Structure formats: C-alpha cells, structure tokens
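Read the structure below first, then the notes.
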Amino acid sequence: MRGVKLCGVLLDLDGTLLDHEAAVGAALLRWLPTIGVEPDAGTRTLWATVQERHLEAWRAGLVTFQQQRRGRLRDFLAALGTPCEDDGRLDTLFSGFLLMYEQSWAAYPDARPALAAIRRAGLRTAVLTNGIEEQQTAKLARIGLRDLAGPVYTAETLGLFKPDPAVFTEACRRWGLAPETVVSVGDRHDLDVLPARAAGLHAVHLDRPGTAPPGEAHRIGSLRDLPALLLPH
Ligand SMILES: [Mg+2]
C-alpha cells in the first residue's frame with residue numbers, strides 16, 4: 001500500500017482483535033454438558049451454523065439481537081431433538097452460555113503489539129463492529145485493549161450493519177476522517193474488505209487460517225504483518 005496517505009486504521013473486533021471462535025469453543029465445552037448435550041465436533045459445528053444464520057438475519061435487520069439469540073438456541077435444540085419454544089426458558093439457557101463465553105474472551109496475542117505500533121507511527125485507530133454497544137465495549141475492556149483501540153463504532157449505535165458500505169461511510173464521518181485516508185482491517189472478506197472498498201476506504205484482509213480464495217492483493221495472516229504493510233519503510 002505504498003504511496004497511500006493514511007490517517008486511520010479501522011479494525012473489526014470479533015475474529016480480528018478478539019478470538020471469538022476460541023471463546024465460543026471454550027464456552028461450548030463447558031456449557032453444553034450443563035444442558036445435557038455432548039460437546040463433540042458435530043454439536044459445535046451445528047452451533048456455528050445456526051449462529052451464523054441468525055446473526056445474518058440480525059445484520060439484515062429482520063430480528064432484534066435478543067430474537068437472534070433465542071432463534072439460535074431454538075434451532076440448535078430442535079436439531080438435537082430437544083425442542084424448546086418457551087422464550088423465558090431460552091433466555092435462561094442462553095445466559096448460561098453467555099456467562100461462559102464472556103469468561104473466555106481473550107485478545108489475539110498479535111492485537112496489542114499491532115495497535116501500539118500503528119499508534120506509535122502516528123496513525124489513529126478505531127473499531128467498527130457488527131455488534132451491540134454494551135457487549136462490544138465490554139469485550140474491549142475485558143481483553144485490555146480499551147485504552148489502545150480508540151473510538152468504538154457499533155452497528156447498534158450507527159443503525160447500519162456490515163456489509164452495507166454506508167456503515168463505513170458513517171463511521172468515517174463520525175471519526176472525522178476522509179474515507180480515502182482510512183484502511184479497514186478485518187477477518188471477513190465479505191464484511192470488512194469488499195464493502196469498505198465500495199465506500200472508498202482502503203482494506204486489508206486478515207486471513208488468519210490462510211484459507212481465503214486467491215485474488216486478494218492486500219492480505220495478511222497475522223496483525224503482526226499489518227504495520228509493515230501500512231507504514232512507510
Ligand atoms: Mg470479524
């Protein structure tokens with residue numbers, strides 16, 4: 001990205017700064033046995049599948065955040081042959097998962113050094129996340145990145161969700177930076193890279209597992225590689 005005059009780095013949170021997948025995995029290992037479910041690979045894959053389906057409905061504005069939590073658990077239990085239609089019961093069960101998920105939050109080891117290096121170089125940082133304000137700011141505080149992350153823009157407060165390019169435009173507007181001086185960094189090519197570019201930002205795909213399809217020019221496998229890509233040599 002040489003020759004690009006950057007002022008700010010807009011980072012995704014889950015899967016980028018916070019190891020969401022590991023936190024979900026650790027939570028499921030502890031929580032599933034408490035509801036009588038074997039935490040094997042099949043049930044964990046099932047959870048991931050229903051999670052993505054219901055988060056997608058939330059991103060599309062079709063359901064509230066609480067409704068996606070209920071829907072996720074309702075589909076999960078139905079698929080296991082133990083259906084539950086009682087919202088109160090679903091909320092109680094989900095709170096057990098949530099507690100263990102929160103206890104498992106951790107930053108990727110490369111997150112803090114990368115944020116520090118970017119800021120030392122004079123660039124600003126901010127977080128743009130498809131999440132609810134209370135939970136996402138709690139995550140940053142818990143994983144010790146609140147001081148380094150900069151402003152936090154959530155889908156909930158912006159009223160816009162990735163992959164709508166307008167979410168990037170609005171975050172830049174609130175941040176006071178021109179889109180062409182900002183680079184979006186995130187683990188989802190469809191949510192963090194393509195819509196950011198559509199909004200006039202630069203973008204870098206953080207492909208931690210190294211499984212992204214070919215063709216992306218700005219791809220890194222770790223946030224450790226981000227400063228070298230963004231900063232003048
Ligand atoms: Mg992400």
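Numbering of ligands and ligand atoms starts at 1, following listing order. A quick note: this is a predicted structure, and the numbers were derived from the prediction, not measured.
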* To do: Could you check whether the rings of F97 and W47 sit parallel, tilted or perpendicular, using 30° and 60° as the cut-offs?
  => tilted
* Asked: Just wondering, are more than 12 heavy atoms of other shown residues or ligands nearer than 6.0 Å to CD in E21?
  -> no
Which atom name would you report as the N, O or S atom of [X] nearest the Mg ion (ligand 1)?
X: D12; answer: OD2
X: D187; answer: OD1
X: D14; answer: O

* State which residue, out of D110, D19, D225, D12, fulfils the salt bridge (charged side-chain N to carboxylate O under 4.0 Å, His left out) condition with R208. => D110
* Asked: Donor-acceptor pair, R112 side chain versus G144 backbone, under 3.5 Å?
  -> yes
* Asked: Is there an N/O/S atom in D192 that lies less than 2.8 Å from the Mg ion (ligand 1)?
  -> no
